[in-house]
A.B. asks: 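There's a structure below that I have some questions on.
Note that this is a predicted model, so its numbers are computed, not measured. To find a chain, count down the sequence lines: A is the first, B the second, and so on, and within it residues start at 1.
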There are 2 protein chains.
Amino acid sequence: MDTKTKILNAAEILFAEKGFTATSLREITSDAEVNLAAVNYHFGSKKELIKALMKRYLDQLSPVLVSALVKVNEQELKPTLEQVFTAFVEPLLSLNDYRENGTSIFLQLLGRSYTDSQGFLRWFITTNYPGIIDNFVTAVHRAYPELSTEDIFWRLHFTMGTAVFTMSSTGALIDIAENDFCEKVDVAGVIYRIIPYVAAGVGAPVSSV
Amino acid sequence: MDTKTKILNAAEILFAEKGFTATSLREITSDAEVNLAAVNYHFGSKKELIKALMKRYLDQLSPVLVSALVKVNEQELKPTLEQVFTAFVEPLLSLNDYRENGTSIFLQLLGRSYTDSQGFLRWFITTNYPGIIDNFVTAVHRAYPELSTEDIFWRLHFTMGTAVFTMSSTGALIDIAENDFCEKVDVAGVIYRIIPYVAAGVGAPVSSV
DNA sequence: TGTCATTTTAAACGCATGTTTTAAAAAATA
DNA sequence: TATTTTTTAAAACATGCGTTTAAAATGACA
């Protein structure tokens, strides 16, 4: 395995676990068993390493996810919200084939992108992968036409918050859950739990006020 | 105003904006116009400062919130989920009387507590203020008895995610919303938008699987 | 095999961090 | 007022950070 990949593989785990700021290049290069200077040699800077990391996942996920959303939009004239959100499941879980714990790691990284580093990654993602958002909004609009643009805006952000926050603390939450309910929990299980929640949330009746 | 308060007031704003790790004691003491060493003198360490910060808010919020939840539990044998979540509104907004932008700052800090610093604050909060969680779970259980303890656990965390994430990016979101919809938005307005969403989410039908 | 570009290595750089120290100032106490 | 305690102040400390440097090792190719 080449140095670049070794760094990416070690970095994504640490970044997902502890956040971008709290993870040092020395930890990364130590785990990756490469020289400290290798990060700056191969990626230029820590910031560029983070971007490369997100790009690796998004390039993998984006086409699959977009085509899943397009499929919903083509097959169903008026899809249910559950159908729309279910379209996310398979593409997200396919990241587990790509990398071990890929789904969990990616979603955690996504969460970190929104809270760490003053949102420069949020900009990077939304400007580089608009197809996801556009197709998603279209599908929601078809599923629930009575929802105003304004309501869609807010409820999609609520949904994003649900997913992102949950995955950022999934590790800890799964620990608590397993202790309290003595049951095995995995990422796929959590995702399937989220779907009815966000579908019902987005589908809530519009306030009459 | 004494040094301790000056530090707390400056720190909470910076911590809410940039996170705990990304905010240095030098920034805080500079904004607070006190000496750098004052933090360690009055609080012992940065970690203790953060705890004191959260304690200041939670000591203010906890009794009001608990009594609001108790009231729901006493007045309604089977409250609606909207009633349960509406019980949060007034206590949360009362933080604005306590401190300028108190509601927003507190919720942002709460969000940081869950993602920063490997969850030591999460432990601090849940072990020190169990009354909130207990009464909340009780109310939800009454409103929706068919929901298993496990489902309640997860859906409450989803709800937490919705609120916390939204508030963490409220500044940016309000800007976008006001540009796109040419309408005035404030924190209270966002909170009232969240309620039907989370009420519907928690009230979603339980998966038959 | 010898040459040149690429990659790896160890060391250092400059800077920022949280914390500690030591002394001066202020406040409280008697 | 004299003495003790509490608070502020400036400076230094030790540590860890991202990054850079310059030399050594490696690889590709003539």
A.B. asks: Between A:Ser113 (side chain only) and A:Leu109 (backbone N and O only), is there a donor and an acceptor less than 3.5 Å apart?
C.D. replies: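 Flag set: sc A:Ser113 to bb A:Leu109 pair under 3.5 Å.
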A.B. asks: Can you tell me if A:Arg193 uses its side chain to pair, donor with acceptor, with the backbone of B:Trp154 under 3.5 Å?
C.D. replies: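 No, A:Arg193 side chain to B:Trp154 backbone: no donor-acceptor pair under 3.5 Å.
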A.B. asks: Treating B:Arg99 as the side-chain partner and B:Phe106 as the backbone partner, does any N or O pair qualify as donor plus acceptor under 3.5 Å?
C.D. replies: no
A.B. asks: Strictly below 4.0 Å: does A:Thr3 bring a side-chain N or O up to OP1 or OP2 of C:dT7?
C.D. replies: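 It does not, given that no N or O in the side chain of A:Thr3 lies less than 4.0 Å from OP1 or OP2 of C:dT7.
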A.B. asks: Quick one: sort the B:Phe136 and B:Phe85 rings into parallel, tilted or perpendicular, breaks at 30° and 60°.
C.D. replies: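 The rings of B:Phe136 and B:Phe85 stand perpendicular, inter-plane angle above 60°.
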A.B. asks: Would you call the rings of A:Tyr197 and B:Phe158 parallel, tilted or perpendicular, where under 30° means parallel and over 60° means perpendicular?
C.D. replies: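 If you compare the ring of A:Tyr197 with that of B:Phe158, the planes turn out perpendicular.
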A.B. asks: As an exercise, state the distance from NE2 of B:His141 to OG1 of B:Thr138, rounded to the nearest 0.5 Å.
C.D. replies: 8.5 Å
A.B. asks: With pairs defined as Watson-Crick or G-U wobble and both distances under 3.5 angstrom, please note down DNA chain C as a dot-bracket string, | for pairing with another strand.
C.D. replies: ||||||||||||||||||||||||||||||
A.B. asks: Quick one: does any side-chain atom of B:Thr5 pair with a main-chain N or O of B:Met1 as donor and acceptor, under 3.5 Å?
C.D. replies: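 The answer is no, because no donor-acceptor pair under 3.5 Å joins these two groups.
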A.B. asks: What integer distance in Å separates A:Lys4:NZ from C:dT6:P?
C.D. replies: 13 Å
A.B. asks: Polar atom pairs between nucleotides 24-26 of chain D and protein, under 3.5 Å, N or O only, would you list them?
C.D. replies:
none

A.B. asks: Using modelled atom types only, decide if a donor and an acceptor are shared between the side chain of B:Thr23 and the backbone of B:Lys18 within a distance under 3.5 Å.
C.D. replies: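 Not confirmed, B:Thr23 side chain does not pair with B:Lys18 backbone.
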A.B. asks: Does the B:Lys46 side chain pair with the main chain of B:Phe20, one donor and one acceptor, at a distance under 3.5 Å?
C.D. replies: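 Yes; at least one donor-acceptor contact below 3.5 Å.
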A.B. asks: For the side chain of B:Arg112 and the backbone of B:Glu17, is there at least one donor-acceptor N/O pair under 3.5 Å apart?
C.D. replies: yes
A.B. asks: Are any protein N/O atoms closer than 3.5 Å to N/O atoms in nucleotides 9-17 of chain C? If there are, list each pair with its distance.
C.D. replies:
{"from": "C:dT17", "atom 1": "OP1", "to": "B:Ser24", "atom 2": "OG", "distance (Å)": "3.3"}

A.B. asks: Using whole Å, what does the distance between atom P of nucleotide C:dG18 and atom CD of B:Glu48 come to?
C.D. replies: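 Roughly 15 Å, once rounded to whole Å.
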A.B. asks: Between the main-chain N or O of A:Thr103 and the side-chain N or O of A:Asn96, is there a donor-acceptor pair closer than 3.5 Å?
C.D. replies: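 Yes; judged by distance alone, with no hydrogens or angles, the pair exists.
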A.B. asks: By nearest nucleotide on DNA chain C, pick out whichever of B:Gly44 and A:Asp2 is the more 5' one.
C.D. replies: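 Going by which nucleotide is closer to the 5' end, it is A:Asp2.
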A.B. asks: What is the separation between atom CZ on B:Phe20 and atom P on C:dG18, rounded to the nearest whole Å?
C.D. replies: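 Computing the B:Phe20:CZ to C:dG18:P distance gives 14 Å.
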A.B. asks: Atom CD1 of A:Ile7 to atom P of C:dT8: distance rounded to whole Å?
C.D. replies: 8 Å
A.B. asks: Please tell me if B:His42 has a side-chain N or O lying less than 4.0 Å from either OP1 or OP2 of D:dT6.
C.D. replies: no
